[in-house]
Amino acid sequence: MQDESLKVPASVFRFNANDVEQQIPRYSADDLRAAVDTLRRGGVILYPTDTVWGIGCDATRSEAVKRVYEIKRRVDSKALITLVSSVDDLYRYVADVPTIAADLIEVSDRPLTIVYDRGINLAPELLAADGSVGLRVTGEAFSAALCRGLRRPVVSTSANISGCPTPASFAEISPEIVDAVDYVVQYRRDDRRPARPSSVIKLGADSTVKIIRP
């Protein structure tokens, strides 16, 4: 029986240029539970986010993060993005959250990743050489529920080998990536609408904004 508390609200997902409102089907409690259980065991999952499909793990576990780098064949000097489910969560993982951060997130018309000066309470592998960290408050139902269920942030890096094109839908993900993870989420596999990565900005403690990816 479907858990009524896990219904995806009739929210808007803006993945197309015309900004057309579309509703997403509900995800199942079993699918969410399996994904959370995998993360709790230190595993790696493939899951839908508020942007493209992502390779994810518990962002506080170094061994899991290292495995994500191995799957992507990415050097660990290139920091990965991490998802949280609310603005309040930022204060647990950023030493000094600029007051403007919440306003920028609220007014952004597409998913916004913010690079903060100093990350804390995360796997060291997620921090850049200068200690900065990229975090995004996800507005997508499944990925937000994933963070809440785990009670920790979840790594979110595009589901491709480093240097290869980013898949715009699940159907475009390489079998090599699918076979490398411990659990592949069922939800939204049939969603063929093209997705795109988030905007990325760097936000200094003094609220200085630098655009990294429009």
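The figures here come from the full heavy-atom set of this structure, side chains too, leaving out hydrogens, waters and symmetry mates.
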Under 3.5 Å donor-acceptor, [X] side chain and [Y] backbone:
X	Y	result
Arg136	Ile114	no
Ser108	Pro111	no
Asp182	Ile45	no
Glu172	Ala168	yes
Thr208	Gly204	no

Would you call [X] and [Y] a side-chain contact if the rule is heavy atoms closer than 4.5 Å?
X	Y	value
Leu112	Ile201	yes
Glu176	Ile71	no
Val209	Leu104	yes
Tyr187	Pro48	yes
Pro98	Asp206	no
Leu122	Val133	yes
Tyr47	Ser156	yes
Ile81	Leu135	no

For residues [X] and [Y], is any side-chain donor paired with an opposing acceptor at under 3.5 Å?
X	Y	result
Asn160	Ser158	yes
Ser162	Arg73	no
Asp96	Tyr91	no
Asp58	Thr60	yes
Arg192	Ser169	no

Quick one, Leu150 with Arg40, criterion side chain to side chain contact (heavy atoms under 4.5 Å, CB included). Give me CA distance, side-chain angles, the key distance, then yes/no.
CA-CA 7 Å; Leu150 182 63; Arg40 286 176 178 165; 3.6 Å; yes
Measuring from atom CG of Leu83 to atom CG of Asp50, what distance do you get when rounded to the nearest 0.5 angstrom?
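So the gap between those two atoms works out to 6.0 Å.
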Check the angle between the aromatic planes of Phe170 and Trp53 and answer parallel, tilted or perpendicular using the 30° and 60° thresholds.
tilted
Ion pair [X]/[Y], N-O distance below 4.0 Å:
X	Y	answer
Lys202	Asp117	yes
Arg188	Glu140	yes
Glu70	Arg67	no

Could you state whether Tyr27 and Val154 fall into the same hydrophobic cluster, counting links through intermediate Ile, Leu, Val, Met, Phe, Trp or Tyr residues with side-chain heavy atoms under 4.5 angstrom apart?
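They do share one cluster, since a chain of ILVMFWY contacts under 4.5 Å joins Tyr27 to Val154.
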Start with the C-alpha gap between Ser198 and Thr51, add the side-chain angles, then the distance that decides, and say whether side chain to side chain donor-acceptor pair (under 3.5 Å) holds.
CA-CA 6 Å; Ser198 66; Thr51 59; 5.7 Å; no
